[in-house]
Amino acid sequence: MFKFLLKRLALTLPTFLALMLLTFLAIRLVPGDPVEVRMGERGIDPVRAEEMRHLLGLDQPIWKQFVDYVWGILHGDFGTSLVTSEKVLTEFAALFPATIELSFFAILFAMVLGIPAGILAAVKRGTVYDHALMGAALTGYSMPIFWWGLLLIMFMSEYLGLTPISGRTDLIRFSVEPITGFMLVDTLIAGDKGAFWDALRHLILPAIVLGTIPLAVIARITRSSMLEVLSEDYVRTARAKGLSPFRVVGLHALRNALIPVVTVIGLQVGTALAGAVLTETIFSWPGVGKWLIESIARRDYPALQGGILLISSIVVLMNLLIDVMYGAINPRIRHGR
Amino acid sequence: MMSSSKFAGSALAALVAVLMAGTAASSKTLVYCSEGSPENFTPALNTTGTSFDAARPIYDELISFKRGTVDIEPGLAESWTITPDGKEIVFKLRKGVKFHTTATFKPTRDFNADDVLFSFERQGKADHPFSKVSGGVYTYYGDMDMPKLLKSIEKMDDYTVKMTLNEPNTPILANLAMDFAAIHSAEYAAQVMKAGKPEQLDQVPVGTGPFSFVSYQKDAVIRFKANKEYWGEKALVDDLVYAITPDPTARFAKLRAGECHVMGYPRPADLPEMQKDPLLNVINQPGLNIAYWAFNTQKPPFDKKEVRQAFNMAIDKAAIVKDVYLGAGQPAKNLIPKTIWSYNDAVTDYPYDPTKAKELLAKAGVTTPLEIDLWYMPVQRPYNPNGKRIGEIMQADLEKIGVKAKLVTYEWGEYRKRLQQGEHLTAQFGWTGDNGDPDNFFFLLGCAGARPGGGNASKWCNKEYDDRLLKARSSTSLEERTKLYKEMQLIMKEEAPNFTIAHSTVYEPMRKEVSGYKQSPFNRHQFNGVDLK
């Protein structure tokens, strides 16, 4: 097991290097220059522009900038934002908990609804349930997030008044200072139950919006995986033994059907963490997605490089974790050549 | 079992608690739905309206803009005198002004001349201990020509500061009311420097303004509380909250739901619905900006006045304002909008008259069909919501007088660079004013900017215009300056170095319970003097 882990870890190293190089180069290929963006739209005095370029280290050859960047990262320094002059790691750490909190609830929502929906569709294959559920899944999968978010705000918040419109808490009633950055935890630490429930209410719509696509994917994968398992001999045997349909499906079939579903959930977590940009924008959710988009507009190279690298690293580690889990569950993978 | 007296006691305690909670809840909180996070809280380091708005409640400047106008009035400087040669300005500072006491700072002295010197020297002196802190780029200080204008700044005594200029320059007074000239506490700066955290000065701000800073969570919220000791127009609410809401549709929804009281930057498409909403109040005024179409007067055929005049008559301005600005714009005949003093209403704009335009072209010896380049802006700006669409309308209009316009554009940075080099024949461009002084608009057509690389997009250098521009800059008489600027507007219209398109209209929606809010011509958002009914 230890050898397997080492091997998998070694394999992630080239991935990290490629990630660093790619983010570094890709950002510099985008037209526009951080100095020009920073100096506003006035006639740029070439002398001052040069001064600033020097100050920000952008007058160095590209290879030197890259070496400095890698050197910094090896020393735990992800650089300083060109816009706010704050450490990239500090900014990331302040915003990432909000993204994790949102992604967690989105995936939870997707799992709680997606897995039963997939099972039901598989068990009732070819019936109206199957068609309706899979039709809904396809609709969910192809729904433009921006439109879906605004639609929910209009209906749930504005028309029915059930949920707040955006943000993480009611700013007039509650003032919760961030300690962990996880609003639910912070409200509990502050001992403010009202704020806790309010924070939970604020999570509902963004979690639904962010969780809709994963929900559709999970439902479809669960269905197809379940169908495959249901046609296996051991399921037929279980049925022949006279076990109740609930035990056949819920215990014998589900366990095996869930293996590909776990992989998909893992991948969806990665997508949710990195791809919450639109949801974060619609719901004024202070997470890393929105921060990265703004950094692109401002050509804030260090924030972008650092942010993308950190998120990618988390996704890579998440995949590694899933691989390891697989190895633990299924020794054939561990020893496979 | 609870005895009846105990029960009564508990009930009374509960009632008191409820009443107290009621009192606490009745403290007034004004929520402003802002559009983004500030870069930091030191305006001198920033260039965006978002960052200026975030710092505005905290700071004062030596001179202030009267709320809702472009007129200047005393700020932290109680009064000032200018020497007859116009080169020295002596400021008398206000006494007894307190800096905010915050979680991290307790001032031991009142505001004085040291704070003024600190605030300007940080920007102007490369060897100042704070010069390089937080990136150390002072864009506006440079843009407003302060390094060139300001020879020295000296402390005469604790409450007197003298600024010596290299040349007489009256518009500098308006510069000093701009956000970059905000006054910081030198004492607080020394404290954070000593603690080895100089950047805290820009991140946990301390000022003398109507609100003090409480906390900031990036992309989520900024909290301020009223400064009860404020020397000027006081805050009428207890707390001020900026709810950072980047999406304009979400801002509108929050405003409707009462989650915020005032919102910035509405989507033009939402305006009709906002105006119909009985809970909302939508105020508007012309923005301090101008969109224009510049003719390169150094290249034929635009070196001829008649040709430029003909082009002015060829375009249907009203159609552009209607189709592209969707009602959120006003046709412009002068460079400055009506809200700026010295606006000359006697100027007559060219009528839309294609027949006359054709005649003028023929008179100037231009044979049609004529082919020209028409550069259109690749980005949306407050003064120009859709450069391409404007270009297309112009193209269609020009076709009618036998001119074939080729639409051209570049990446925005590239566009500006090439335009300043004078590579274009005709190009759309525009300007957003900084300080409400007419000079801040009229300099756009000055001879200084007509050289290659300069900002004068028409590359137009007219002696009569430029002489007046320079004279007005050094004059201290408002009357004389007004007269000169009015004459310049007549000269410009006659010479037609450009086609003035429009000033955009700025809308500000707020809930009906908001009272005392004054819309700023600079599109500043300012909340002292604002109350909730």
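Here is the naming used below: chain letters follow the sequence lines, and residue numbers restart at 1 for every chain.
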Measuring heavy-atom distances to chain B, does [X] have an atom under 4.5 Å in its side chain, in its backbone, in both, or in neither?
{"X": "A:E280", "result": "neither"}
{"X": "A:L95", "result": "side chain"}
{"X": "A:T169", "result": "neither"}
{"X": "A:V288", "result": "neither"}

Heavy-atom pairs under 4.5 Å with chain A are the metric here; pick the option from B:A220, B:P38, B:S215, B:A253 that has the most.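 Highest number of pairs under 4.5 Å: B:A253.
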Is there a donor-acceptor contact under 3.5 Å linking the side chains of B:R251 and B:Y265?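 No, no side-chain donor-acceptor pair sits under 3.5 Å.
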With a 3.5 Å cut-off and no angle check, do the side chains of B:S27 and B:D238 form a donor-acceptor pair?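 On atom types as modelled, these side chains do not qualify, holding no pair under 3.5 Å.
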Between [X] and chain A, with a heavy-atom cut-off of 4.5 Å, which part of the residue counts as in contact: side chain, backbone, both or neither?
{"X": "B:T245", "result": "both"}
{"X": "B:Q203", "result": "side chain"}
{"X": "B:E199", "result": "neither"}

Residue pair B:F213, B:F41: steps toward the ring pair (Phe, Tyr, Trp, His ring centres under 6.0 Å) verdict: CA-CA 10 Å; B:F213 174 83; B:F41 289 93; 5.1 Å; yes
Is the cationic atom of B:R223 (NZ for Lys, CZ for Arg) positioned less than 6.0 Å from the six-membered ring centroid of B:Y216 and within 45 degrees of its normal?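 No, cation not above the ring by the 6.0 Å, 45° rule.
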For chain B, which candidate among A:P178, A:G167, A:G287 shows the most heavy-atom pairs at distances under 4.5 Å?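 Answer, by heavy-atom pair count under 4.5 Å with chain B: A:P178.
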Could you check whether the rings of A:F155 and A:Y159 sit parallel, tilted or perpendicular, using 30° and 60° as the cut-offs?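 If you compare the ring of A:F155 with that of A:Y159, the planes turn out parallel.
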Step by step, work out the ring pair (Phe, Tyr, Trp, His ring centres under 6.0 Å) result for A:F96 and A:F182. CA-CA 9 Å; A:F96 200 48; A:F182 297 97; 8.9 Å; no
Could you tell me whether B:K276 and B:E273 have a side-chain N and a carboxylate O separated by less than 4.0 Å?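 Salt bridge flag = no for B:E273 with B:K276.
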